[in-house]
Amino acid sequence: CSVTAGTDSIPTTSLISFLQSLQSAALKTFGPTSFDPKLYIDLPLKHGLAATQDAFSNLTRSPCDGEIPAPDLKAFLALYFEDAGSDLIPALPVDFVSEPEGFLPMVENPIVKAWALEVHSLWKNLSRRVSDDVKKHPEMHTLLPLPEPVVVPGSRFHEVYYWDSYWTIRGLLASKMYDSAKAIVHNLISLVDTYGHVLNGARSYYSNRSQPPLLSSMVFDIYKRTGDLAFVKKALPALLKEHRFWNSGIHRVIIRDAHGHRHTLSRYYAMWNKPRPESATIDEESASKLPNDLEKEKFYRELASAAESGWDFSSRWMSNSSDLTTLATTSILPVDLNAYIFKMEHDISFFAELLGDGFTSKKFMKASITLYAAMKSIFWNAKMEQWLDYWLIDESDEEEVHQWKVENQNHKIFASNFIPVWTETCSSDSFGLCADRTNVNKIVKSLQRSGLVHDAGIATSLSNTGEQWDFPNGWAPLQHMIVEGFAKSGSTKARSVAENIAIRWIKTNYAAYKSTGAMHEKYDVEACGKIGGGGEYKPQTGFGWSNGVVLAFLEEFGWPRDRNIDC
Ligand SMILES: OC[C@H]1O[C@H](O[C@H]2O[C@H](CO)[C@@H](O)[C@H](O)[C@H]2O)[C@H](O)[C@@H](O)[C@@H]1O
C-alpha cells in the first residue's frame with residue numbers, strides 16, 4: 001500500500017515493514033552496543049523486495065531465539081543492499097565558489113575569516129542530488145525523490161530535514177548561494193504538493209508528521225535578499241496549503257480564556273501510533289513496561305509527535321521528567337509552534353500584498369492579529385515575563401472547548417519560552433513587541449535571570465534528564481532565534497545582550513572545531529568548546545544548522561580585528 005497523508009493514521013509501506021524486521025534481526029545479532037536502528041531503515045534495495053524478503057526468510061536462524069549468525073547476516077546485507085545514504089550522490093553546488101564576493105564584510109579578524117571560509121566550504125560536503133534510481137524505482141528506497149539538489153544536516157542525517165533547512169538557508173544566504181537556497185525551498189514545496197505538508201524529513205517513514213513550520217520564513221529571507229517575486233509566487237499556494245495543515249483537524253485546539261473569549265491554537269500531533277520506523281527497536285523497548293496495546297499506541301503517538309516538534313526528546317513534553325513513557329506532547333499547546341504559525345500568517349499576508357492579492361493579505365493579517373491576542377492570553381505570564389506552554393489537562397466540555405486555568409501553564413523554564421521574541425520582532429512592526437520597547441527589555445532581564453544563559457550559550461532547559469533537548473545542551477536554532485529576536489528588537493540593551501550570547505556561541509563552535517576538526521549538531525553550554533550529548537543516538541557532526549548559524553551570526557555582528565576568538 002502507498003503512503004498517503006491527511007488522515008489520522010498513515011499506512012506503512014511493505015518496504016518499511018520489511019526493513020523494520022531486518023532492524024530487529026540486526027539488533028539481536030549485533031547487540032545494542034553502537035547499534036543505530038536508522039541505518040537499517042535507510043538501506044536501498046539492490047534487488048526487488050520479494051526476492052530480498054525470500055532470501056531473508058531463508059537465512060539460518062538459531063532454533064531457540066531465532067538469532068541469525070553474524071557472518072550470515074553480514075553477507076546478506078552486502079549482497080542485497082546498497083549502503084545507507086548512497087542513494088544521495090555528492091554534488092558540487094552550482095553556485096559554490098571558494099571565496100564569494102562580499103563574503104562576511106564585517107569580519108575583520110583574519111583567523112576568524114579563514115575559519116568562516118572553512119565553514120563555508122562545508123556546503124560542498126553536505127550537498128547532494130537524489131540518485132536517478134530513486135526516481136526510477138521509488139519502491140526500492142525509503143528516500144523520497146526530490147526535484148532539485150539538496151543540502152543535508154550531516155552524518156546519520158543523510159536526507160533533507162524540514163526545520164534544519166531554515167538555518168541551512170541562512171548560512172547559504174551568507175555564502176551568497178542563492179540558487180542553492182531556492183532549490184531547498186522548491187524541494188519542500190514539492191513535498192507540500194504531494195503530501196499536503198512538509199514532512200519531518202524526505203523519507204517515506206517521515207510522512208506521518210511534519211516539523212516546526214518555517215517554510216514561510218525561508219521564503220521571506222530569500223525574497224529579502226533576492227527580490228525574486230516569481231519565487232514568492234511559486235511558494236504562496238504551498239504556504240496556504242501548509243497553513244491549513246496546521247490549523248485544522250488534529251492539530252487545532254479551541255480554548256476559552258479567563259475572560260470567556262475563545263481562541264484557536266495549534267499543537268503537535270503525529271498521524272502515527274506505532275513505533276517510529278527509524279527508531280523502532282528503541283521505541284519498542286521504551287514501551288515494553290506499559291501494560292497494554294492501547295497504552296503503547298498512545299505512547300507511540302506521543303513519541304512521534306515529540307519528533308514533529310523537533311524537540312525529540314525533552315522534559316518539556318513529559319509529566320515526569322525521569323520517565324519517557326509520561327510523554328504527553330499532544331496534550332500541550334506549545335509556545336514556539338504557535339509563534340511560528342503567527343509568523344507564517346504575517347509572512348503570507350506580506351507575500352499576498354506583494355503579489356497584488358489584497359483580499360488574502362488582509363485575511364492573513366487579521367488571522368495573525370487574532371493569533372497574537374490568543375498567544376498573549378493563553379501563554380503570556382506577566383509575573384515571569386515569558387510565554388509558557390499550556391497543558392491541556394482539564395476535561396474538555398461537550399463542545400470540546402478547553403477552559404484556560406493559570407495552573408495549567410507550565411512554569412518550568414525552556415528556551416522555547418522566548419521564541420516569540422524572534423517571530424514577533426522579525427516580522428511585525430505595527431504591533432506586539434516592536435511597538436513596545438520597554439517590554440523587550442523586561443524579557444531580556446527575564447532571560448538573564450532564567451538560569452538558561454551559560455558561558456557557552458543558551459541551554460535548552462534547566463533539567464538534566466539525559467535527553468538531548470534538555471540541559472546542558474545548547475542548539476544552534478534556539479541560540480539564533482533568541483539572539484536575532486533581541487538584536488532586531490530596536491532596543492540597544494537587547495542587542496548588546498544578544499551580541500554577547502552570539503560571541504560566546506561562535507567561540508564555542510570555533511574551539512570545538514579546532515579540537516575535533518568538525519562542526520557539531522549540538523554543544524554543551526557549560527563550557528566553551530564542549531560538545532553536546534544525551535538522547536538516543538551518538539552526537540553527530542557536519543552540521544547544517546550549526547554552520548548556518550555561525551555564518552549568520554558573523555554576518556550580523558561581524559568580528560573586529562582585535563577580538564580574540566579563543567575561549
Ligand atoms: O532518529 C531519531 C530522530 O532524529 C531526528 O531528530 C533530530 O535530528 C534532526 C535533524 O538534525 C532535527 O531536526 C531534530 O530536531 C533532532 O531532534 C528526526 O527529526 C526525528 O524525527 C527522528 O525520530
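Note that ligands are numbered from 1 as they come in the structure, with each ligand's atoms numbered from 1 the same way.
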Parallel, tilted or perpendicular: rings of Trp311 and Trp317 (30°, 60°): perpendicular
task: Quick one: sort the Trp246 and His251 rings into parallel, tilted or perpendicular, breaks at 30° and 60°.
output: tilted
query: Mind checking what residues have non-hydrogen atoms under 4.0 angstrom from ligand 1?
result: Arg156, Phe157, Tyr161, Trp163, Asp164, Asn200, Tyr206, Arg209, Gln211, Arg276, Glu278, Ser279, Ala307, Gly310, Asp312, Gln468, Trp469, Glu536, Tyr537, Phe543, Trp545
message: We want to know whether Asn200 and Arg209 form a side-chain donor-acceptor pair, criterion being a heavy-atom distance below 3.5 angstrom.
response: yes
- prompt: Are Glu159 and Lys38 ion-paired here, with the side-chain N under 4.0 Å from a carboxylate O?
  reply: yes
query: Does the distance from a Lys or Arg side-chain N to an Asp or Glu carboxylate O, for Glu148 and Arg129, drop under 4.0 Å?
result: no
message: Less than 6.0 angstrom separating the ring centers of Phe35 and Tyr40, yes or no?
response: yes
